[in-house]
Amino acid sequence: MAGSCPRRVIDRPATIAEIITTAQRLLIVGHFASVQGHRYRLSIKANPIIGVIELQPIPPGMNAPDARAYRSIAARRCGAAIASRSWAIVYKYPQTIMASESVTVAFLVLTPRGWRAY
């Protein structure tokens, strides 16, 4: 799942399909959740990705929604430079006892060694 902050990142465009496939591989497929002593296998069906947001700041004068809220969370985790080159992945996480925590967010960024989650 999500790991520590990467030191170096690569700034290059990516497609939504590439990001979704990468997120499924890094965050869901083959991973488990432990809740109250029970271990649950995450799956694409049970843990669908419901949002993919590019965190690069929107240029001034462009009329488009900005991902400022997600970029702020990512910046608190790994700094503004890493956050501005990342993607936010919002996915369902029903393997929890708290309804308010049934959706979670993780971040993906491309490094010289490939995609990384944090």
Side-chain angles (χ1 to χ4, degrees):
M1 287 187 109
S4 61
C5 296
R7 295 175 200 247
R8 293 186 20 216
V9 297
I10 295 173
D11 192 12
R12 78 152 171 86
T15 65
I16 298 294
E18 178 183 10
I19 298 300
I20 290 173
T21 300
T22 301
Q24 289 172 333
R25 179 176 51 83
L26 293 177
L27 301 169
I28 299 170
V29 176
H31 294 278
F32 294 86
S34 294
V35 180
Q36 291 190 325
H38 296 283
R39 194 166 181 219
Y40 299 94
R41 180 183 292 275
L42 303 186
S43 71
I44 293 169
K45 184 176 179 180
N47 305 93
I49 293 171
I50 57 175
V52 174
I53 305 102
E54 184 176 17
L55 301 186
Q56 183 175 20
I58 302 296
M62 184 178 241
N63 188 17
D66 194 356
R68 190 172 296 128
Y70 290 109
R71 193 168 47 253
S72 176
I73 296 167
R76 281 194 303 272
R77 289 188 190 175
C78 291
I82 301 294
S84 68
R85 291 173 178 85
S86 299
W87 292 76
I89 309 301
V90 182
Y91 61 104
K92 289 192 177 184
Y93 200 78
Q95 299 89 344
T96 181
I97 58 170
M98 302 286 292
S100 64
E101 296 178 11
S102 64
V103 173
T104 193
V105 64
F107 300 96
L108 296 183
V109 68
L110 186 59
T111 73
R113 299 179 77 185
W115 287 99
R116 197 135 155 231
Y118 68 94

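When all heavy atoms are compared, the tightest approach of N47 to I28 is O-CD1, 3.1 Å. Across all their heavy atoms, L26 and A117 have their closest contact at CD1-N, 4.1 Å. Considering all non-hydrogen atoms of both residues, I49 and Y91 come closest at CA-CB, 3.8 Å. Closest approach of I19 and I89 over heavy atoms only: CG2-CD1, 3.5 Å. In terms of heavy-atom proximity, A75 sits nearest to A83 at N-CB, 3.5 Å. Across all their heavy atoms, E18 and A14 have their closest contact at OE1-CB, 3.3 Å.
Remark: Q24 CD to I44 CD1 distance equals 4.0 Å, nearest 0.5 Å. Taken to the nearest 0.5 Å, the CG atom of D11 stands 10.0 Å off from the OG atom of S86. If you take CH2 on W87 and CD1 on I16, they are separated by 4.0 Å, rounding to the nearest 0.5 Å.
Side-chain contact check for R116 and S4: at least one donor-acceptor pair (N or O, by modelled atom type) lies under 3.5 Å. Inspection of the T21 and R25 side chains reveals no N or O donor paired with an N or O acceptor under 3.5 Å.
Side-chain atoms of R85 come within 3.5 Å of backbone atoms of A81 as a donor-acceptor pair (strictly under, hydrogens ignored). Under the 3.5 Å distance criterion, the side-chain polar atoms of R71 are matched with a main-chain donor or acceptor of L55.
By the side chain to side chain donor-acceptor pair (under 3.5 Å) test, R68 pairs with D66, sequence neighbours left out. For R8, there are no side chain to side chain donor-acceptor pair (under 3.5 Å) partners two or more places apart in sequence or in a different chain.
Using a 4.5 Å cut-off on side-chain heavy atoms (C-beta onward), F107 and I82 make no contact. Put simply, the side chain of Y40 reaches to within 4.5 Å of the side chain of H38, judged on heavy atoms. Residues T22 and L110 fail the side-chain proximity criterion, which asks for heavy atoms closer than 4.5 Å.
Pairs passing the disulfide (SG to SG under 2.5 Å) check and including a residue from residues 29-75, sequence neighbours excluded, do not occur.
Counted within 6.0 Å of CZ on R7, heavy atoms from surrounding residues, nucleotides or ligands total 12 or fewer; the atom is thus considered open.
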